[in-house]
Participant: 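Below is one structure. I have some questions about it.
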Amino acid sequence: MEKLKQAVKEIAYYRHQAKFSKLHLSLIPFLSLSSSLYGALLYTRQSLYRSGFFSKNRLPVPVISVGNLTWGGNGKTPMAEFIAKRLADYGISPLILTRGYAGGDEAKMLKRHLLGGPVKVGVGANRVATANLFFGKYGYVDYRGSKFFERTYLDPKMGSHVGSQKIGAAVLDDGMQHWSLCRDLEIVMINGLMPWGNCKLLPLGPLREPLIAIKRANIAVVHHADLVLEQKLKDIKLVVQEIKESLPIFYTRMTPSYFFELRNISTKMHLGAVLDAVVLCVSAIGSPDAFVRAMEKIGPLFVDRFDFSDHYSFQLKIIPCNGCNEDSFKSLLKELLEV
């Protein structure tokens with residue numbers, strides 16, 4: 001299955017079929033048909049929302065949506081976390097709404113990073129229902145306009161002691177295609193390393209929507225900008241501004257701060273710990289190239305990689321242990337799975 005997923009990804013991001021194997025070429029007709037069906041369903045769904053046949057919900061607090069037009073590796077969840085932390089710095093208690101895709105690994109990461117702070121994390125496919133549960137538990141404050149209105153929609157069992165925790169904003173993680181929820185600000189994330197691929201819709205290409213959907217965005221953010229040549233950044237900017245000339249464009253990078261030990265994740269290790277060392281990067285993320293390049297910039301002697309598909313569910317038996325103590329290795333991997 002991993003080989004099949006890798007082949008589909010290669011088709012989506014390589015334009016030259018001359019490089020394709022027999023497996024790639026055999027998949028293209030099926031992927032093309034599936035892409036056409038996906039496009040028809042996408043158009044129908046959008047039309048039903050535009051016509052009002054499908055209703056949209058509005059939350060009683062401002063909603064900031066962080067989304068993308070292609071599949072993983074665009075930095076949506078780190079951006080949602082960043083925005084939530086900045087809101088908290090301004091005294092606004094935010095609620096991150098995430099669907100908990102693929103076992104909820106991103107939701108677990110958010111909760112671990114934000115533990116003990118004012119940011120709340122709501123997990124569930126139905127974002128409106130999830131938000132309402134939190135509003136009922138903590139209450140909410142609407143800061144929009146010249147003055148705000150403090151609401152008291154609290155669960156009577158909770159009492160009034162949660163007033164200081166009233167939610168003042170919602171951050172929608174992976175929200176661009178979640179059309180059932182109105183938003184006040186739409187941020188589209190773009191992977192600078194692999195922005196559009198072959199420009200085809202899923203699954204033949206990486207696009208969740210046609211590029212024209214950029215028109216709905218209020219802000220565009222090019223992620224991994226530090227790993228991309230200046231000319232490529234200019235090309236991305238050109239594509240974006242051809243679709244929406246007035247769209248503000250920002251650039252971000254992921255900078256590692258420290259390592260931590262699996263047996264004690266609160267322990268911080270200096271990045272210099274890997275200098276002149278041999279490093280194996282094991283990942284199941286949308287943009288493993290960015291992860292590997294970031295590690296190479298730190299300065300290890302050699303970096304190798306073990307890439308799995310995005311959100312891959314690791315099992316103890318998947319990695320061979322040639323020349324190592326298998327029990328010790330499996331014990332270490334088990335601790336990694338529990339983090």
Side-chain angles (χ1 to χ4, degrees), residues 1-56 65-74 76 99 101-102 125-127 172-181 183 186-217 220 223 235-236 238-244 247 284-289 307-312:
M1 182 59 72
E2 280 297 293
K3 288 183 179 180
L4 184 61
K5 289 180 179 180
Q6 182 61 31
V8 171
K9 185 174 181 178
E10 289 168 353
I11 291 171
Y13 283 102
Y14 295 137
R15 295 175 180 266
H16 305 293
Q17 293 193 12
K19 297 181 179 179
F20 290 160
S21 66
K22 290 183 179 180
L23 174 60
H24 294 88
L25 296 174
S26 66
L27 288 172
I28 289 176
F30 171 75
L31 295 175
S32 298
L33 175 61
S34 300
S35 183
S36 298
L37 292 174
Y38 173 80
L41 291 172
L42 185 69
Y43 176 80
T44 302
R45 184 167 174 257
Q46 287 177 323
S47 298
L48 292 172
Y49 274 106
R50 282 196 297 264
S51 67
F53 185 83
F54 286 166
S55 60
K56 292 186 177 183
S65 170
V66 182
N68 64 329
L69 295 180
T70 61
W71 59 39
N74 298 271
K76 298 184 300 296
R99 57 181 175 166
Y101 177 76
N126 188 331
R127 317 288 181 93
L172 198 57
D173 182 20
D174 195 7
M176 194 161 186
Q177 288 76 42
H178 195 75
W179 300 321
S180 63
L181 185 57
R183 65 286 317 269
E186 184 84 79
I187 301 174
V188 58
M189 302 294 297
I190 301 167
N191 185 347
L193 289 171
M194 302 183 295
W196 328 114
N198 59 13
C199 295
K200 304 293 184 182
L201 290 175
L202 294 171
L204 180 62
L207 294 182
R208 294 176 167 186
E209 294 185 72
L211 291 180
I212 195 67
I214 288 174
K215 281 189 173 183
R216 299 203 311 272
H223 195 43
D235 293 341
I236 294 172
L238 181 63
V239 171
V240 170
Q241 292 187 334
E242 282 181 350
I243 297 170
K244 189 173 182 178
L247 187 64
I285 55 179
S287 186
D289 286 346
D307 301 341
F308 293 85
S309 59
D310 198 12
H311 300 289
Y312 182 83

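This is a predicted model, so every value here is computed, not measured.
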Participant: Determine whether V239 and W196 make a side-chain contact, defined as any pair of heavy atoms from C-beta on separated by less than 4.5 Å.
Facilitator: yes

Participant: Looking only at non-hydrogen atoms, find the nearest pair between N198 and G205 and report the distance.
Facilitator: OD1-CA, 3.1 Å

Participant: Just verifying a value: how many Å separate M176 CE and R183 CZ, rounded to the nearest 0.5 Å?
Facilitator: 8.5 Å

Participant: Would you say that more than 12 heavy atoms from the other residues, nucleotides or ligands in this model lie under 6.0 Å from the OH of Y49, or not?
Facilitator: yes

Participant: As an exercise, state the distance from CG of L31 to OG of S26, rounded to the nearest 0.5 Å.
Facilitator: 9.0 Å

Participant: Could you walk me through whether R208 and D174 satisfy the salt bridge (charged side-chain N to carboxylate O under 4.0 Å, His left out) test, starting with their C-alpha distance in whole Å, then the side-chain angles of each, then the deciding distance to 0.1 Å, before giving a yes or no?
Facilitator: CA-CA 12 Å; R208 294 176 167 186; D174 195 7; 2.6 Å; yes

Participant: Determine the minimum heavy-atom distance between S309 and A284, stating which atoms define it.
Facilitator: O-CB, 3.4 Å

Participant: Just how far is it from atom CZ of R216 to atom CH2 of W179, taken to the nearest 0.5 Å?
Facilitator: 6.0 Å

Participant: Between L42 and P210, is any pair of side-chain heavy atoms under 4.5 Å apart?
Facilitator: yes

Participant: Would you name the heavy atoms of D310 and G72 that are closest together and state the gap between them?
Facilitator: OD2-CA, 3.8 Å

Participant: Distance-only, no hydrogens or angles: does the S35 side chain make a donor-acceptor pair with backbone N or O of L201 under 3.5 Å?
Facilitator: yes

Participant: Tell me if the NZ atom of K200 is crowded by more than 12 foreign heavy atoms within 6.0 Å.
Facilitator: no

Participant: Return the NZ to OH distance between K5 and Y312, rounded to the nearest 0.5 Å.
Facilitator: 8.0 Å

Participant: Between V188 and V240, is the side-chain contact (heavy atoms from CB on, under 4.5 Å) condition met? List the steps.
Facilitator: CA-CA 11 Å; V188 58; V240 170; over 6 Å; no

Participant: Indicate the atoms forming the closest heavy-atom contact of L211 with I243, along with that distance.
Facilitator: O-CD1, 3.3 Å

Participant: What heavy-atom pair brings N191 and S287 nearest, and what distance separates the two atoms?
Facilitator: ND2-OG, 3.6 Å

Participant: Would you compute the distance between atom CG of L193 and atom CG of D289 and round it to the nearest 0.5 angstrom?
Facilitator: 6.5 Å

Participant: Go through the structure and list residues passing side chain to side chain contact (heavy atoms under 4.5 Å, CB included) with T70, not counting sequence neighbours.
Facilitator: Y13, N68, N74, P206, L207

Participant: For the residue pair M194 and K9, what are the closest heavy atoms and their distance?
Facilitator: CE-CE, 4.3 Å

Participant: Just verifying a value: how many Å separate I236 CD1 and Q241 CD, rounded to the nearest 0.5 Å?
Facilitator: 12.0 Å

Participant: Please determine whether side-chain contact (heavy atoms from CB on, under 4.5 Å) holds for the pair I187 and M189, giving the CA-CA distance in whole Å, both sets of side-chain angles, and the decisive distance to 0.1 Å.
Facilitator: CA-CA 6 Å; I187 301 174; M189 302 294 297; 4.2 Å; yes

Participant: Can you confirm whether H178 sits close enough to R99 that some side-chain heavy atom of one is under 4.5 Å from a side-chain heavy atom of the other?
Facilitator: no

Participant: Not counting sequence neighbours, which residues clear salt bridge (charged side-chain N to carboxylate O under 4.0 Å, His left out) with R127? List them please.
Facilitator: none

